[in-house]
Amino acid sequence: MGVKREPHEIRIEVGELVLDGFRVDPDRVSASFEHELTRLVREHGVPLAADGALTLDALSGLPPMPAGLSARRLGQELARAVHAGLSGQGEVTR
C-alpha cells in the first residue's frame with residue numbers, strides 16, 4: 001500500500017511580478033508577498049503538486065488588485081491569489 005508523505009522541500013520560483021499602476025515600494029511588496037506565500041504553503045501545501053513535482057509556465061486568471069493598497073497588503077493579496085492558482089483556481093499554463 002502506498003504511503004502518502006509530505007514533501008521535504010517545496011520551492012516556488014516567481015520569475016516576474018508586474019506591478020503596473022501601483023505607487024508602492026516594490027521591495028516591500030516582494031517581502032510581504034514572500035512572507036505570506038510561505039505561510040500559505042506551510043499551512044495548506046500546494047494542492048496541484050500533491051502527486052509530485054510540478055512546473056508551471058504561467059498562472060493567469062488571477063483577480064485584479066485595487067490600486068490603493070499598501071505595499072504590505074498588496075503583497076499579501078498577491079500571495080493569496082498565487083496560492084489560489086496553485087490550489088487549482090485560475091488558469092494554469094504548463
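Summarising the geometry of Gly21 relative to Ala67, their closest heavy-atom pair is O-CB, 3.8 Å, with the distance given to 0.1 Å.
In this structure, CG on Leu78 lies 5.0 Å from CE on Met65, to the nearest 0.5 angstrom.
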Side-chain atoms of residues 34-43: list all donor-acceptor pairs with protein atoms under 3.5 Å, sequence neighbours left out, distances to 0.1 Å.
{"unit_1": "Glu36", "atom_1": "OE1", "unit_2": "Arg39", "atom_2": "NE", "d": "3.1"}
{"unit_1": "Glu36", "atom_1": "OE2", "unit_2": "Arg39", "atom_2": "NH2", "d": "2.7"}
{"unit_1": "Glu36", "atom_1": "OE2", "unit_2": "Arg80", "atom_2": "NE", "d": "3.0"}
{"unit_1": "Glu36", "atom_1": "OE2", "unit_2": "Arg80", "atom_2": "NH2", "d": "3.2"}
{"unit_1": "Thr38", "atom_1": "OG1", "unit_2": "Glu34", "atom_2": "O", "d": "2.8"}
{"unit_1": "Arg39", "atom_1": "NH1", "unit_2": "Glu43", "atom_2": "OE1", "d": "3.0"}
{"unit_1": "Arg39", "atom_1": "NH1", "unit_2": "Glu43", "atom_2": "OE2", "d": "3.1"}

Which side-chain N or O atoms in residues 23-33 pair as donor and acceptor under 3.5 Å with protein atoms at least two apart or in another chain?
{"unit_1": "Asp25", "atom_1": "OD1", "unit_2": "Asp27", "atom_2": "N", "d": "3.0"}
{"unit_1": "Ser32", "atom_1": "OG", "unit_2": "Arg72", "atom_2": "O", "d": "2.6"}
{"unit_1": "Ser32", "atom_1": "OG", "unit_2": "Gln76", "atom_2": "N", "d": "3.4"}

